[in-house]
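As structure tokens, the structure follows; a few thoughts come after it.
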Amino acid sequence: MEVSSACVARDRHTSIGRRSFVTRRKVPWTPRQCTCRSGSERPIKKEGAMFEAKEAVPEGGTVETHNVHEAREDAMEKGTISEKSVKPASGRWVMILLMSLAFVLCNMDKVNMSVAVIPLAEELAWSASQRGIVSSAFFLGYALTQLPAGWIANKIGGGKVLLAGVAIWSFGTMLAPPAAYSSLWGLCLTRVLVGLGEGLAPAAAVGLMAECIPQKARARAVSLVFGGMDVGSVVGLLLAPLLIKYCGWNSVFYIFGLLGFFWCSLWIFMQTNGLGSSDQLLDTADLSSAMQKEVPWKEIANCTPFFATVATHFCYNYGYFTLLAWLPSYFEVALGLDVRGAGWFTLIPYLAMCLMTPFVGPVADGLVARGHSVTRVRKIAQCVALLGPCLALAAISILTSITSPANSSMAGAVVVLLSFAFAMGTWSRAGLYCNHQDLSPRYASVLLGISNAVGAIPGLVGVSIAGLVYDRTHSWEWSLFYPTMVFQAIGAILFVCYASGEKQSWG
């Protein structure tokens, strides 16, 4: 079957990487490739999403879609074409790996302060409250850029936003040592800058994944990208104590910051020399398109399933962020470990997360492929991510109350329980972290921006409150574990009762 070049040009124009307008077109199809009048096969390339696919629209049919990728999925769901007739470009998974590497660096620059703050506080005579202020300053910047990040990524493309984010947080990381010697508030400002940069990354990544990853592979992609945070925690907690011991605490910030700028160079180099043209990698688009739709803010505000996801995100992050910030101090004070020991022991739970991550995506996607509803799979995964840690923290609270700093056997039991808690927490990658794309592939970056903005509040408030409560009670149970258990249980209840994995009418 022959298709005119005008037909090809029209399809390319209406699928140029923008997900925020709808076109209705009627085009012929063939289970092979579309061909030009010359008879040569010519694949339809979807720009801006690292994707090349054969056009897949039912013969004589009309498909309502915002890109060729969605039209192809609709046709596969109706059985009018086979999956074998569609060949995604391998380049999109190279992009996924690069994004995962960005999140490795993201958490390296997040956890470096949780280790470096111990010798830094000793050198500058800080109290637990002051340490909490320094640790929580990051989350102020992180919260401020969440909503703008989603909106900007939806407008100009996630690739550019991600590149800007890595550059900003790397610059802020390298400013930390001189700022620390200047004043406490100067150091806090650098941590705010790191938070501003890291706040751009999640929405940018989700926007790129929503554009190029089909629902059947969504959990795998999300687990791989955000699993980079777990690897980053392990690498950061492994390297930071060694660097502090042999080179001083300031070396942590200089070296980690330089790695971020190296990633920026790699991202730009790969898009020009390894992954194709700039618009393919960086998700650029025709910004002058008059067909661009505004974000449906009213519909989003009235969406109960979305706000269940937002509330669950808040509850999940309360435990994750407070534990991330305070575990090194907990191991040092409660278990009697030095800064090197605290770093080594703290990385064990994150290593458990790394070991669990490869199973999360395939299992969740496999359940969907076997006929389980997306809603059921998301709820099961999120309950595992919340209730599993809740039970483990209950046991840790009991052990902590009867553990002396010299009791190494109790320390080992605590590490095992923390490892279990963090490993179960990775199932959120197949739960709430996929849910934004489930509800609205078109506005996924905006939804995650809103969700992450609310999810950053526990880091901003919870980390500081934990320090204040510990100063007054000297109890890790009341300052860290009990509040986390309560929020985890509330999050599980809300997600089971109100969440949904179905695409919304406005999405």
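- With hydrogens and angles left out, the side-chain atoms of His436 and Ser451 include a donor and acceptor closer than 3.5 Å.
- The six-membered or imidazole ring of Tyr330 lies away from that of Trp326, with a centre-to-centre distance of 6.0 Å or more.
- Between Phe253 and Trp249, the ring-plane angle classifies as perpendicular under the 30° and 60° cut-offs.
- For the residue pair Cys264 and Ala167, the shortest heavy atom distance occurs at SG-N, 3.7 Å.
- No side-chain donor-acceptor contact under 3.5 Å links Asp471 and Ser127.
- Checked by atom type, the side-chain pair Ser428/Tyr320 shows no donor-acceptor distance below 3.5 Å.
- Using a 4.5 Å heavy-atom threshold, the side chains of Val194 and Arg191 count as touching.
- Using a 4.0 Å cut-off between charged nitrogen and carboxylate oxygen, Arg378 and Asp438 count as a salt-bridge pair.
- In this structure, Val134 and Gln130 have side chains that are not in contact, with every pair of non-hydrogen atoms separated by 4.5 Å or more.
- A side chain to side chain contact (heavy atoms under 4.5 Å, CB included) with Met424 is found for exactly one of Cys390, Cys383, Pro389, namely Pro389.
- Val454 places none of its side-chain heavy atoms less than 4.5 Å from the side chain of His313.
- Leu327 has its side chain within reach of Phe422: a pair of non-hydrogen atoms, C-beta onward, lies under 4.5 Å apart.
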Might you work through the side-chain hydrogen bond (donor to acceptor under 3.5 Å, both in side chains) test for Asp230 and Thr357, ending with a clear yes or no?
CA-CA 9 Å; Asp230 306 328; Thr357 295; 3.3 Å; yes
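- Environment of CH2 in Trp297: crowded, with over 12 heavy atoms of neighbouring residues, nucleotides or ligands closer than 6.0 Å.
- Stacking of Lys110 on the aromatic ring of Phe321 is not recorded, the 6.0 Å distance cut-off and the 45° axial limit not both being met.
- Centroid-to-centroid, the aromatic rings of Trp476 and Tyr470 come within less than 6.0 Å.
- With hydrogens and angles ignored, the 3.5 Å screen pairs no side-chain donor or acceptor of Ser100 with any backbone N or O of Ile96.
- Pairing each heavy atom of Thr145 with each of Gly195, the nearest pair is OG1-O, 3.9 Å.
- Side-chain contact between Ser170 and Val166 is present, with heavy atoms from C-beta onward closer than 4.5 Å.
- Crowding of Trp151 atom CH2: a count of heavy atoms from other residues, nucleotides or ligands under 6.0 Å not exceeding 12.
- Between the side chains of Tyr181 and Glu123, a donor-acceptor pair is found at a separation under 3.5 Å.
- Residue Asn317 comes nearest to Gly455 through the heavy atom pair ND2-O, 3.0 Å, listed as atom of the first residue, atom of the second, then distance.
- If you look at Phe261 and Phe171, their ring centroids are not closer than 6.0 Å.
- Side-chain atoms of Val310 and Phe306, non-hydrogen and from C-beta on, do get closer than 4.5 Å to each other.
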